[in-house]
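Written below as structure tokens is the structure these notes are about.
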Protein chains: 2
Amino acid sequence: MSGEIFITGEAKRTIDDRFRVTLPSEMAEVISDSDGNCILAKERSGCLSLWRAADWQKRIDDGVALIKQKIQTGRMESRWSDVQRLGRMLSTRYRTVSLANRSRLLIPEGFREFLEVPVNHDVMIVGAAICVEIWSPAAWLEALREDMPKFGPLFTELSA
Amino acid sequence: MSGEIFITGEAKRTIDDRFRVTLPSEMAEVISDSDGNCILAKERSGCLSLWRAADWQKRIDDGVALIKQKIQTGRMESRWSDVQRLGRMLSTRYRTVSLANRSRLLIPEGFREFLEVPVNHDVMIVGAAICVEIWSPAAWLEALREDMPKFGPLFTELSA
DNA sequence: TTGATTGTGGGTTTTGAGCCCAATAGGATG
DNA sequence: CATCCTATTGGGCTCAAAACCCACAATCAA
């Protein structure tokens, strides 16, 4: 993970009639490489994520390495959550996309239904530290309600 | 916490049609840095808070810096979904804002609905010792009614 | 080949944030 | 009481970003 980045910020955008979204320029800036390319992944229903290509690759490699190591040392039995996470990651369908004019993303066929947002409706663009996420408003509210109470403990734990 | 500050005071202001509020000059003075920047945070529905960037940093950015460092040194490999989740919550919870003319705050998109005060209506600006709070009148009354009875005991306890 | 549909790259319009200044109000001062 | 000063507020101007619109290319089907 190219660690210098830590993306935060929140913005509302609307999907135009051709399934395009304009990302906030700062986010587009950090997420895309010099050709304007990045990785679009299905995160969960109602949510897509955008990654720097290098980070995405690293994420997969690291995950694989981690699991291999655990299998070898016979520690797999108690860590099914990691296996699950990896499986999810690998089976998550993703593809490379390019941002037109450095900031306009066309949501490809196959990802549209997954996002569950109809044309000419709003999405939330959210910085998630290591990636940028695109949420349907409904899923976003749901996730907030679910995760907000965990904020304190999680912050304490991760920064310990 | 830069301990020399202890903000008190109360004022009524109205949010203008461009979502601007003018802070009492004494408060604006103490919470903003030399560039007029400070941190705006979502406190609870109906209440926003303003912090000196330096103080906020003590609370949050130190932790973020630590997490960044952990990411860089590869100590977050198995925690990426948690990092994502945390980043997401950080994104919605706060952002840095700058005060125009040293005292006028533009309430950003995303914080407006949270405050629940329509344009051209009043808010209460309240000094809360270490930060400045912006309350919707309804939430303010509610909080007062809730907290007032505790004031005596609390004051006695804290000043003992 | 033709026409419809979708992707792509512009351009233009509109919106909103930042900045500035003017008008008002109210307090302090001489 | 007259004057000055400063805090607050309202509104205008400008610029950049976002939304909107259109023209063209590519693809595919009839």
Side-chain angles (χ1 to χ4, degrees), chain A residues 7 9-32 34-38 40 48 50 95-115 117-127 132 134-135 137, chain B residues 7-40 48 50 94-115 117-127 132 134:
Chain A
I7 310 172
E10 188 190 28
K12 186 191 297 189
R13 289 286 183 279
T14 78
I15 299 192
D16 77 6
D17 51 354
R18 298 285 178 92
F19 290 98
R20 295 178 297 186
V21 205
T22 315
L23 304 176
S25 45
E26 335 82 60
M27 294 190 192
E29 176 78 18
V30 290
I31 218 63
S32 59
S34 52
D35 305 324
N37 291 330
C38 54
L40 179 68
L48 302 174
L50 277 167
R95 54 169 293 183
T96 306
V97 292
S98 73
L99 307 181
N101 288 331
R102 281 265 167 282
S103 66
R104 188 160 59 174
L105 165 72
L106 173 72
I107 299 177
E109 179 71 25
F111 289 70
R112 297 169 183 176
E113 319 75 52
F114 193 78
L115 186 56
V117 175
V119 158
N120 286 322
H121 282 240
D122 288 342
V123 291
M124 293 298 306
I125 315 277
V126 183
V132 170
I134 304 172
W135 290 82
Chain B
I7 311 171
T8 57
E10 188 185 292
K12 185 192 294 191
R13 289 286 183 279
T14 81
I15 300 192
D16 76 9
D17 51 2
R18 297 194 213 170
F19 292 98
R20 298 178 298 182
V21 201
T22 310
L23 306 175
S25 53
E26 335 83 58
M27 296 190 192
E29 177 74 20
V30 288
I31 47 158
S32 60
D33 63 19
S34 53
D35 305 323
N37 291 330
C38 53
I39 307 291
L40 180 67
L48 302 174
L50 277 166
Y94 75 95
R95 55 171 294 181
T96 87
V97 292
S98 72
L99 307 180
N101 288 330
R102 283 259 166 284
S103 65
R104 185 149 59 175
L105 166 71
L106 173 73
I107 300 178
E109 173 78 19
F111 290 71
R112 297 168 183 174
E113 318 76 53
F114 192 81
L115 186 56
V117 175
V119 157
N120 287 320
H121 283 240
D122 288 343
V123 291
M124 293 299 306
I125 315 277
V126 183
V132 171
I134 304 172

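First the proteins, then the strands, lettered A, B, ... as listed; each starts at 1. All of these numbers come straight from a predicted model, not from anything done at the bench.
Summary of the strand contacts: B:N101 and B:P108 both lie near DNA chain C, and taking for each the nucleotide with the nearest heavy atom, the more 5' one is attributed to B:P108.
Separating the CZ atom of B:R20 from the P atom of D:dG12 is a distance of 11 Å, rounded to the nearest angstrom. Look at CG on B:N120: it is 8 Å from P on D:dG10, rounded to the nearest Å. Between the C1' atom of D:dT9 and the CG atom of B:L105 lies a distance of 15 Å, rounded to the nearest Å. Distance, B:D17 CG to D:dT8 C1': 15 Å, rounded to whole Å. Atom pair B:M27:CE and D:dT8:C1' shows a separation of 15 Å (rounding to whole Å applied). Protein atom NE2 of A:H121 is 21 Å distant from nucleotide atom P of D:dA18, rounded to whole Å. Atom CD in A:E26 sits about 9 Å away from atom P in D:dA17, given to the nearest Å. Here D:dT27 presents its P atom at 16 Å from CD of A:E109, a figure rounded to the nearest Å.
Nearest heavy atoms, B:M27 versus B:E10: CE-N, 4.1 Å.
Close to D:dT9, at under 4.0 Å from its OP1 or OP2, lies a side-chain N or O of B:T22. Close to C:dT8, at under 4.0 Å from its OP1 or OP2, lies no side-chain N or O of A:R104. Proximity of B:R13 to the phosphate of D:dT9: a side-chain N or O atom is located under 4.0 Å from OP1 or OP2. In this model, the phosphate group of C:dG7 is approached by a side-chain N or O of A:R112 to a distance below 4.0 Å at OP1 or OP2. Taking side-chain N and O atoms only, B:R18 has no distance below 4.0 Å to OP1 or OP2 of C:dG16.
Here the side chains of B:V21 and B:I134 are not in contact, with every heavy-atom distance at 4.5 Å or above.
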Could you walk me through whether B:L115 and B:L48 pass the side chain to side chain contact (heavy atoms under 4.5 Å, CB included) check?
CA-CA 7 Å; B:L115 186 56; B:L48 302 174; 4.1 Å; yes

May I have the step-by-step check of side chain to side chain contact (heavy atoms under 4.5 Å, CB included) for B:C38 and B:D33, ending in yes or no?
CA-CA 7 Å; B:C38 53; B:D33 63 19; over 6 Å; no

Verdict with supporting geometry, B:L50 and B:L105, side chain to side chain contact (heavy atoms under 4.5 Å, CB included):
CA-CA 10 Å; B:L50 277 166; B:L105 166 71; 4.1 Å; yes

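A:T14 comes within contact range of the sugar-phosphate backbone alone, with a heavy-atom separation under 4.0 Å but no base atom that close. B:A100 comes within 4.0 angstrom of no nucleic acid atom, judged by non-hydrogen atoms across all strands. Counting any heavy atom pair closer than 4.0 Å across all strands shown, B:L23 reaches sugar-phosphate atoms only and no base atom.
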